[in-house]
Amino acid sequence: MDGAAKYFFARHTGTPVINRLRPIFRTAPIILAVAMLTLAGGWFGHVLGTRMRISSDRAAITSYSDQLLAHAIDVIAETNGAIDAANASPQDFCSPAEIELMRNMLFAARNLKDIGRIKDGHLICSTILGKTDGSVPMPQGPYTQLADGTRIYPDTPLAVSDSNAPVVDRGNANAVIDPRAFDTLKDPPFHYGIFYGDVGKKHLARIFGEGDAVVPAPADGVAWSLKSGILRRDGCSEASGLCISVWARLSELDAFSHGIVNAIMLLGAALGALGGLTWVNFRRRDQSLMARLSRALAHEELTLLYQPVVNVADGKIVGAEALVRWQSNESKGDFVPPDVFIAIAEQKGIAGRVTRYVLNRAIEEMAETLRLHDGFRITINIVASDLSDPKFFAALDDGLRRGGLSPRQIGIELTERSTADSSAAIEGIARLRSRGHIVYLDDFGTGYSSLSYLGELDVDVLKMDRAFTRTVGTDAVTVSIVPQIIDMAIKHNLSILVEGIETAAQATYFRNLPVPVMGQGWYYGKPVSAAALTKQLEQQDGIVAVKKGRKRSRQSLRKTGSSR
Ligand SMILES: Nc1nc2c(ncn2[C@@H]2O[C@H](COP(=O)(O)O[C@H]3[C@@H](O)[C@H](n4cnc5c(=O)[nH]c(N)nc54)O[C@@H]3COP(=O)(O)O)[C@@H](O)[C@H]2O)c(=O)[nH]1
């Protein structure tokens with residue numbers, strides 16, 4: 001295809017467009033997720049901030065309401081006191097002596113404007129007017145009458161001036177409350193209404209405050225409401241006969257609390273964004289690790305080390321565990337620990353590729369040694385998914401055939417974790433054993449299964465986790481579990497491989513057990529290369545491979561009497 005044809009083909013199949021859109025498809029969901037988390041964080045911050053702000057606004061309103069109530073109690077006490085004293089006056093009705101008496105009472109009061117005597121709906125005398133001609137009528141406006149005969153006239157035009165004030169009368173006396181009695185307590189943006197009367201029967205008159213005719217709801221207590229951006233508190237006290245309503249527009253309340261809400265909202269948004277970016281970062285890191293691992297497998301960058309397994313009785317090597325190593329070429333030769341990349345490979349579904357890689361490589365590197373050392377065995381670690389993966393079983397068959405090995409020479413290690421789905425594990429283990437492989441239960445005792453669960457898993461060897469080995473010779477509580485695990489293995493007719501033997505004392509402890517055990521650990525040898533392990537075996541068994549594919553043992557050579 002020439003250039004023009006290629007261009008035509010590409011154009012008409014839409015490839016360049018898709019290629020150009022690909023980064024958008026890839027990044028759009030990430031941007032969307034981060035944006036959503038940012039918005040969710042902001043929303044959460046806003047809700048939290050608003051709650052905090054409302055609770056602080058409530059505290060401010062409550063404190064203001066308490067001040068008003070305390071003052072209202074004084075005002076009402078003075079009013080009632082003056083009316084009662086006038087009614088009980090020992091002087092002649094509206095005599096100069098009685099007017100003098102009332103004037104003295106007025107001077108002593110701080111919140112009253114006038115005190116008077118009334119008869120037949122007319123003011124007969126008062127502290128300000130003195131004795132009238134009897135033609136001054138009592139206020140004609142609406143009033144609230146209480147059970148004891150008290151009448152409350154809210155905001156009444158006064159006879160003595162052109163101002164309005166609340167007037168209370170009872171019996172033959174009345175008192176005019178100073179209309180500015182609450183002026184010193186005015187505190188914008190708070191608004192208030194002060195009601196007096198019979199709280200229990202909700203028979204109340206507004207004596208002060210703004211023209212909100214709504215009578216507070218609670219008989220004795222407090223009610224809050226938030227409507228149309230107005231926060232309102234209605235509080236009543238039956239004992240004083242007073243109800244105080246205080247309200248304020250949220251938008252006018254303390255600018256500082258607005259600042260707090262905004263700050264918390266921004267903090268929430270920032271935390272949401274941070275969470276989103278961290279998630280993206282982890283995802284990218286996992287994905288890039290995954291992509292690198294995939295390339296490393298394709299380029300055969302992963303290597304193997306082999307850790308000797310010995311017969312504890314005489315220290316002779318009877319096997320080795322293949323352990324994968326990854327020195328990533330792409331990140332300046334960084335070592336990535338196997339438990340890290342195996343876990344991610346398992347999550348992303350490519351752990352099976354690692355298992356098959358390790359199996360193939362181990363057979364490639366160790367087949368000759370395995371053929372020469374009859375009782376010697378290499379074990380490989382597998383993951384849960386391998387137990388039901390046909391590719392794994394095919395790779396086993398293929399590897400054994402290529403290496404000319406018997407299945408007993410390739411042992412399979414699976415962890416307690418991979419046996420958690422017990423029915424698949426039981427089936428997989430049975431399949432491996434029926435093919436002649438020796439199956440090891442790794443990390444035994446670390447928690448995924450109980451000791452009794454062992455009976456269900458038909459394995460050959462129990463690998464006791466090094467967490468228990470470490471306790472030998474110490475006072476750790478778990479040391480008591482070691483004999484229990486050994487007993488359990490004996491009871492189930494299992495061989496025992498003790499992991500992590502690091503000291504001579506530990507080696508002695510396991511050597512002195514009543515049953516023979518295998519051991520693995522730094523005391524016997526750290527993981528080494530295939531060549532180093534082969535050398536150790538050659539030294540141990542006196543067997544060497546003859547170069548260029550002619551493989552014979554010294555022993556067999558000695559037996560046939562031939563020399564090199
Ligand atoms: N599925 C696969 N899992 C694998 C493979 N290769 C390794 N692994 C698993 O990764 C985990 C870590 O392994 P590693 O870092 O290789 O550590 C092994 C030994 O080096 C270490 N060890 C051995 N002896 C001692 C000792 O005396 N002290 C001590 N502190 N550590 C010691 O133990 C690890 C082997 O453990 P185990 O497998 O339980 O026998 C580990 O879980 C590996 O299984 C792989 O190819 N596939």
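Count residues from 1 along the sequence. Whatever order the structure lists ligands and atoms in, that order sets their numbers, starting from 1.
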Exercise for review: Going by heavy-atom distance to atom 3 (N) of ligand 1, choose the closest among D339, V358, N381, T355.
Suggested key: N381

Considering only distance and modelled atom types, tabulate donor-acceptor pairs under 3.5 Å from the side chains of residues 382-390, sequence neighbours left out.
| unit_1 | atom_1 | unit_2 | atom_2 | d |
| --- | --- | --- | --- | --- |
| D386 | OD2 | T355 | OG1 | 2.7 |
| D386 | OD2 | V383 | N | 2.9 |
| D389 | OD1 | K391 | N | 3.0 |

**Study point:** V383, portion touching ligand 1 at heavy-atom distance under 4.0 Å
**Key:** side chain

Review point. Are any of the N or O atoms of I342 closer than 3.5 Å to those of ligand 1?
Key: no

Review point. How far apart are the C-alpha atoms of E321 and T379, what are their side-chain angles, what is the distance that settles it, and do they pass the side-chain hydrogen bond (donor to acceptor under 3.5 Å, both in side chains) test?
Key: CA-CA 5 Å; E321 179 182 3; T379 58; 5.3 Å; no

**Study point:** Worked check of side-chain contact (heavy atoms from CB on, under 4.5 Å) between Y523 and T469
**Key:** CA-CA 12 Å; Y523 178 72; T469 311; over 6 Å; no

**Study point:** Contacts of type side chain to side chain donor-acceptor pair (under 3.5 Å), residue R466, not counting sequence neighbours
**Key:** none

Review point. If you measure every N/O of Q520 against every N/O of ligand 1, is any gap under 3.5 Å?
Key: no

**Study point:** 4.0 Å heavy-atom contact, D443 with ligand 1
**Key:** yes

Review point. Out of G521, P338, A362, whose heavy atom is nearest to atom 10 (O) of ligand 1?
Key: P338

Review point. With distance as the sole criterion, is a donor-acceptor pair present between the side chains of Y357 and R361 under 3.5 Å?
Key: yes

Practice item. Give the contacting part of D442 toward ligand 1: side chain, backbone, both or neither, where contact means a heavy-atom distance below 4.0 Å. Key: side chain

Study note, to complete from the structure: Within the 4.0 Å heavy-atom cut-off, what L323 brings close to ligand 1 is both

Practice item. Heavy-atom distances under 4.0 Å are what count here, so tell me which part of K526 touches ligand 1: side chain, backbone, both or neither. Key: neither

Review point. Under 4.0 angstrom from ligand 1, any heavy atom of P337?
Key: no

Point to revise | Sole candidate of K526, E499, Q520 that passes side-chain hydrogen bond (donor to acceptor under 3.5 Å, both in side chains) when paired with Q307 | key: Q520

Practice item. Provide, to 0.1 Å, the distance between atom 36 (O) of ligand 1 and the closest protein heavy atom, together with that atom's residue and name. Key: E499 OE1, 3.6 Å

Revision key, fill the gap. Closest heavy-atom approach to atom 34 (C) of ligand 1 among R466, E413, E346 is made by R466

Point to revise | Part of P527 with heavy atoms under 4.0 Å of ligand 1, whether side chain, backbone, both or neither | key: side chain

Review point. Are the aromatic ring centres of W326 and F335 under 6.0 angstrom apart?
Key: no

Point to revise | Protein non-hydrogen atom below 4.0 angstrom of atom 42 (O) of ligand 1 present | key: no

